[in-house]
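Accompanying notes for the structure given below.
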2 protein chains.
Amino acid sequence: MNSVIELLKSHRSIRKFTDKKISQELLSDLIQAGQAAATSSFLQGVTVIRVTDGEKKAAFVDISGGQKYVATAAEFLVFCADLDRSSRCCEWHDAKATVGFTEQFIIATVDVGLFAQNVVVAAESEGLGICYIGGIRNNPARAAELLELPNNVYPVFGLCLGYPDQDPEVKPRLPVPVVLKENSYDDGQDRALIDAYDQDVRQYYRTRTGGKKEMSWSEQMSGLLGKESRPHMRAFLKDQGFDMK
Amino acid sequence: MNSVIELLKSHRSIRKFTDKKISQELLSDLIQAGQAAATSSFLQGVTVIRVTDGEKKAAFVDISGGQKYVATAAEFLVFCADLDRSSRCCEWHDAKATVGFTEQFIIATVDVGLFAQNVVVAAESEGLGICYIGGIRNNPARAAELLELPNNVYPVFGLCLGYPDQDPEVKPRLPVPVVLKENSYDDGQDRALIDAYDQDVRQYYRTRTGGKKEMSWSEQMSGLLGKESRPHMRAFLKDQGFDMK
């Protein structure tokens, strides 16, 4: 296993940061690393908004349910899926932009995922810690308003970046045979493997919380999938131009 | 700039591979690197199907519009967004799975993006080349049938992996100020920057094709957004359980 794979495997979210800033040069390097990721049909459907304004940062803490590190991290970036930039190209070449397709939504959302993960790997290779903030989708309309997003652009997630002031354990992942199948989706062995994994996850929480929390992975999933999941997203996206046709 | 960031910035798609196989140990390492990426709410909403069956590989060449390297690459992996595994957890804990939300679709799709990009970075760090295959969405229903995907699982993209037998140039990306904004989406400077970038892209194609192809980025986008984009995706996803509610 080489040092890059070791770096990837050592990822854990960081939620407490020192005061040290990230240099402009490094930030630019991280963004360029993100841009270097593959992009479907050369779309480059990603716009990153760097939030430096104090009031806007406070608003994002609020939107994301009080995650204070959104304001205390050296950088808080909002990753947006962007079909507006490419739509503008149509005007310049006297074509009519045909947007609102589910496929385009997938392409731009995947572009954001690949780009952001490259930023994360680059950041961690420089000793930075990161935390993705899906909580901005608690109120995506307010996030879009704060960032003055045009139609055909939506905020997918935020990302906190900074120098770590904590050193949490790596969280155990599902056994490889549960996530890697050959030729067909065959879940016959999953239950036994997940039962064993559930014990690992319980142990992880016991250690991390000094015995206060103890919950298996399958219990967490049952809680997560057992309830509605941000039911406002559909209407928000439609308002923003993503018709999902 | 450290060596990891250099590696990330040197990415280009590889479409011609040597006969050299990828060891099982390395493949397992790549998958574990993928799993180590962040996952929203600990969902781990990714299943990777490794296609080794010759007939299925041939079918995927066909689905993806005749991209032969799908069959000739050492490995062809299909990355699926998976809400079935977590739904099963609900049954085990006597809860009722509540699926079909757009938000869940986003979470699982983003999970796939982060996971796959980690696999790609790990692969490239080992000297492998890769090519994402979005073309499997030309006929996602057939892809799902071939892989026997259950409801609440959809194939997002394929990935070819192998040892490179070509050494193409890195494709130029948009200038950083076009994709990185501060505090708000302000596209005032974009047009001038994209005009200059368009010339870089023309030059890239001139060099790569010996003068045969010459197309700017904005022209490509105008072609891409000027036509319908896989309009079958919406109905396919609905059939597969993704109601987008």
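Convention: sequence-line order gives letters A, B, ...; per-chain numbering from 1.
With a 4.5 Å cut-off on non-hydrogen atoms, B/Lys57 does not touch chain A at all. For B/Asp82, the part lying under 4.5 angstrom from a heavy atom of chain A is the side chain only. With a 4.5 Å cut-off on non-hydrogen atoms, A/Val201 touches chain B through its side chain but not through its backbone. At a 4.5 Å heavy-atom cutoff, the contact between A/Val153 and chain B is made by side-chain atoms alone. In this structure, chain B has no heavy atom under 4.5 Å from any part of A/Glu91. Heavy atoms closer than 4.5 Å to chain B are found in both the backbone and the side chain of A/Glu182. If you measure heavy-atom distances from A/Tyr132 to chain B, the contacts under 4.5 Å come from the side chain alone. For a residue to count as touching a neighbouring chain, one of its non-hydrogen atoms must lie under 4.5 Å from one of that chain's; by this rule B/Val46 touches chain A with the backbone only. Proximity to chain A (any heavy atom under 4.5 Å) is shown, for B/Val112, by neither the backbone nor the side chain. Within the 4.5 angstrom heavy-atom criterion, only side-chain atoms of A/Tyr154, from C-beta onward, approach chain B.
In this structure, the side chain of B/Gln35 engages the main chain of A/Leu174 through a donor-acceptor pair within 3.5 Å. Panel note: side chain A/Arg234, backbone B/Met244; a donor-acceptor pair is recorded below 3.5 Å. A donor-acceptor pair under 3.5 Å is formed between the side chain of B/Lys56 and the backbone N or O of A/Asn183. Of the possible donor and acceptor atoms, none in the side chain of A/Trp217 sits under 3.5 Å from a partner among the backbone N and O of B/Gln44. Of the possible donor and acceptor atoms, none in the side chain of B/Gln117 sits under 3.5 Å from a partner among the backbone N and O of A/Asn118.
Taking every heavy atom of both residues into account, A/His93 and B/Ser218 meet most closely at NE2-OG, 2.7 Å. Closest approach of B/His11 to A/Ala36, counting heavy atoms only: CD2-O, 3.3 Å. The minimum heavy-atom distance between B/Leu225 and A/Cys90, with the atom names listed, is CB-SG, 3.6 Å. Contact record, B/Ser222 with A/Cys89: CB-O, 3.7 Å, taken as the closest heavy-atom pair.
The salt bridge (Lys or Arg N to Asp or Glu O under 4.0 Å) search around B/Arg12 returns B/Asp167, not counting sequence neighbours. Among residues two or more places apart in sequence or in another chain, the salt bridge (Lys or Arg N to Asp or Glu O under 4.0 Å) test is passed with B/Glu103 by A/Arg137, A/Arg230.
Within the 4.5 Å cutoff, the side chain of B/Phe236 has no heavy atoms near those of the A/Thr102 side chain. Side-chain contact between A/Ile5 and B/Glu126: present, with at least one pair of heavy atoms (C-beta onward) separated by less than 4.5 Å.
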Verdict with reasoning, B/Lys181 to A/Thr47, per side chain to side chain contact (heavy atoms under 4.5 Å, CB included): CA-CA 7 Å; B/Lys181 311 288 186 188; A/Thr47 293; 3.8 Å; yes
Chi angles and distances behind the salt bridge (charged side-chain N to carboxylate O under 4.0 Å, His left out) call for B/Asp190, A/Arg85: CA-CA 9 Å; B/Asp190 285 8; A/Arg85 183 164 55 229; 5.1 Å; no
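Side chain to side chain, A/Ser229 and B/Gln104 fail the donor-acceptor criterion of an N or O pair below 3.5 Å.
Distance check: B/Glu228 CD to A/Phe101 CZ gives 4.0 Å after rounding to the nearest 0.5 Å.
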